[in-house]
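Letters A, B, ... mirror the listed sequences (proteins, then strands); counts begin at 1.
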There are 2 protein chains.
Amino acid sequence: MRLRDENKELAIREKALGMIVEEGFDGLSMHKLAKAAGVSPATIYIYFKDRDDLIMQIFETENTRMTEITLDGFSPEMHFEEGLRIQWLNRARYCLENPERMHFMEQIRYSPFHERLQGSSKSTFIHAMRTWAQNAIARGELVPLPMEVYWSVAFAPLYQLVKFHMSRHGLPGSKKFTLDEPIMNQTLELVIKALTPQ
Amino acid sequence: MRLRDENKELAIREKALGMIVEEGFDGLSMHKLAKAAGVSPATIYIYFKDRDDLIMQIFETENTRMTEITLDGFSPEMHFEEGLRIQWLNRARYCLENPERMHFMEQIRYSPFHERLQGSSKSTFIHAMRTWAQNAIARGELVPLPMEVYWSVAFAPLYQLVKFHMSRHGLPGSKKFTLDEPIMNQTLELVIKALTPQ
DNA sequence: AGATAATAAAAGAACGTTCGTTTATTTTTG
DNA sequence: CAAAAATAAACGAACGTTCTTTTATTATCT
């Protein structure tokens with residue numbers, strides 16, 4: 001028996017992620033990937049069923065990592081403002097410290113892959129978010145809203161800021177935009193103002 | 001002299017857009033596209049320099065259409081709330097009436113293509129938006145903010161709602177979400193609350 | 001302990017297919 | 001009939017995947 005070389009699988013995963021980010025899904029070919037990972041094409045098929053399985057598995061791994069970071073230090077019993085602030089910090093941290101992985105996730109999210117993956121993702125995360133929101137509403141800390149409305153106002157602005165931050169050019173006619181803590185807090189205050197009663 | 005058949009070019013463009021939406025960028029092959037459009041592969045190269053040029057041109061066309069719809073009935077001199085409401089209606093209209101085209105635009109936006117296209121897009125649109133925001137700030141109708149912060153709060157929630165609307169499954173554990181006018185108005189009110197002084 | 005059988009990892013070459021694109025030719029029409 | 005559109009056929013290259021062989025490692029047996 002010969003043991004699997006974990007470094008090989010890791011190299012394949014990382015290079016694949018990088019290739020997708022830099023060249024898109026067209027850019028990921030098994031031959032080029034094998035060469036980049038220092039591996040034979042056939043070796044990839046020891047670790048992954050096929051090209052789709054490779055992409056799916058990378059997504060699952062990355063999704064898990066993102067979820068863990070997002071929920072770090074968070075609890076559904078938290079007060080609304082505290083919980084939202086922690087979530088924003090966590091999500092921003094993930095995005096800014098892992099720009100390449102973030103890019104990959106976004107590319108998946110807006111590709112036909114995402115529909116296929118929708119069902120497989122864990123709902124514990126969504127459940128935590130939901131009970132947290134419901135608690136906040138019950139306490140009168142949050143305006144009663146459909147989940148989707150609440151979510152759109154609470155988090156979409158943050159991800160748009162991140163997208164501005166990651167794009168090389170800012171808005172045409174602007175300087176390059178950098179998402180720092182003051183900017184984030186300023187935006188967060190607006191969102192809190194929108195979602196808080198009175 | 002034989003004239004070009006406009007229907008041919010149109011068929012190529014539409015089928016290509018559809019293929020990208022349904023199968024991603026991998027899914028767009030020139031042979032399959034030719035067959036789908038009822039045309040010889042070589043014919044495509046009469047209208048488009050190469051595969052990339054085809055995608056770019058479709059994007060440019062679609063971008064122009066989207067911009068026109070977005071600015072329909074809008075003027076930079078408008079009061080903030082009126083302008084924002086019109087923009088929301090226009091953008092929502094485009095998204096909901098052209099889900100396939102919207103999907104295409106998003107897929108481009110989150111792919112490596114987008115970086116290449118960034119510079120080519122017209123800045124008149126951005127300019128109109130900017131002066132409108134500056135007017136509103138000068139009138140005290142809008143909190144003074146960096147353009148990116150303002151943009152993120154003003155429009156990102158709408159696009160997130162659209163994304164919920166377009167995804168087949170809602171949030172796990174929810175019913176399918178439908179973006180109707182009451183929901184849109186409710187969200188818009190929150191955004192206005194966030195961006196309006198006091 | 002040393003030889004060897006067993007087994008899975010890994011590699012390289014090859015599979016048939018499909019890719020994007022071009023060439024040579026025919027068809028259409030001003 | 002000239003000229004451009006349109007095509008069928010073909011190009012080499014690259015694709016995803018598999019087949020066959022080699023290599024490395026563990027377990028077993030003497």
Any link between B:F80 and B:V153 through a network of hydrophobic side chains (Ile, Leu, Val, Met, Phe, Trp, Tyr) touching at under 4.5 Å?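 Linked within one cluster.
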
From the options [options], select the nucleotide whose nearest atom is closest to the side chain of [X].
| X | options | value |
| --- | --- | --- |
| A:A42 | D:dC19, C:dG20, D:dT17 | D:dC19 |
| A:D5 | D:dT17, C:dA10, D:dA6 | C:dA10 |
| A:S40 | D:dA8, C:dG12, D:dA5 | C:dG12 |
| B:S29 | D:dT18, C:dG20, D:dC15 | C:dG20 |

Euclidean distance, atom [atom1] of residue [X] to atom [atom2] of [N] [Å, nearest integer]:
| X | N | atom1 | atom2 | answer |
| --- | --- | --- | --- | --- |
| B:I46 | C:dT21 | CD1 | C1' | 13 Å |
| B:K49 | C:dG20 | NZ | C1' | 12 Å |
| B:M30 | C:dT22 | CE | C1' | 12 Å |
| A:L3 | C:dA6 | CG | P | 20 Å |
| A:R51 | D:dT18 | CZ | P | 15 Å |
| B:D52 | C:dT21 | CG | C1' | 13 Å |
| B:R4 | D:dA4 | CZ | P | 11 Å |
| A:D26 | D:dA14 | CG | P | 15 Å |

Ignoring hydrogens and geometry beyond distance, is a side-chain donor-acceptor pair present between B:R4 and B:Y47 at under 3.5 Å?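 Side-chain D/A pair, B:R4 to B:Y47: absent.
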
Quick check: do A:N98 and A:E62 have side-chain heavy atoms less than 4.5 Å from each other?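 Answer no - side chains too far apart.
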
Compare all side-chain heavy atoms of A:I183 with those of A:F177 and state whether any distance is below 4.5 angstrom. yes

Base, sugar-phosphate, or nothing: which does B:Y47 touch, judged by heavy atoms less than 4.0 Å apart?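 Touches sugar-phosphate only.
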
Would you mind classifying the nucleic acid contact of A:L28 as base, sugar-phosphate or nothing, using non-hydrogen atoms under 4.0 angstrom?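 Sugar-phosphate contact only - A:L28 comes under 4.0 Å of backbone atoms but never of a base.
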
Report yes if at least one side-chain N or O of [X] is closer than 4.0 Å to OP1 or OP2 of [N]; otherwise report no.
| X | N | answer |
| --- | --- | --- |
| A:K8 | C:dA9 | no |
| A:K32 | D:dA14 | no |
| B:R2 | D:dA3 | no |
| B:T43 | D:dT7 | yes |

Could you say whether B:M1 or A:V39 is positioned toward the 5' end of DNA chain C, judged by the nucleotide with the nearest heavy atom to each?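 Closest to the 5' end, via its nearest nucleotide, is A:V39.
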
ring-ring contact (aromatic ring centres under 6.0 Å, His included) for A:F59 and A:F104? Distances and angles first, verdict last. CA-CA 8 Å; A:F59 173 81; A:F104 169 79; 7.1 Å; no

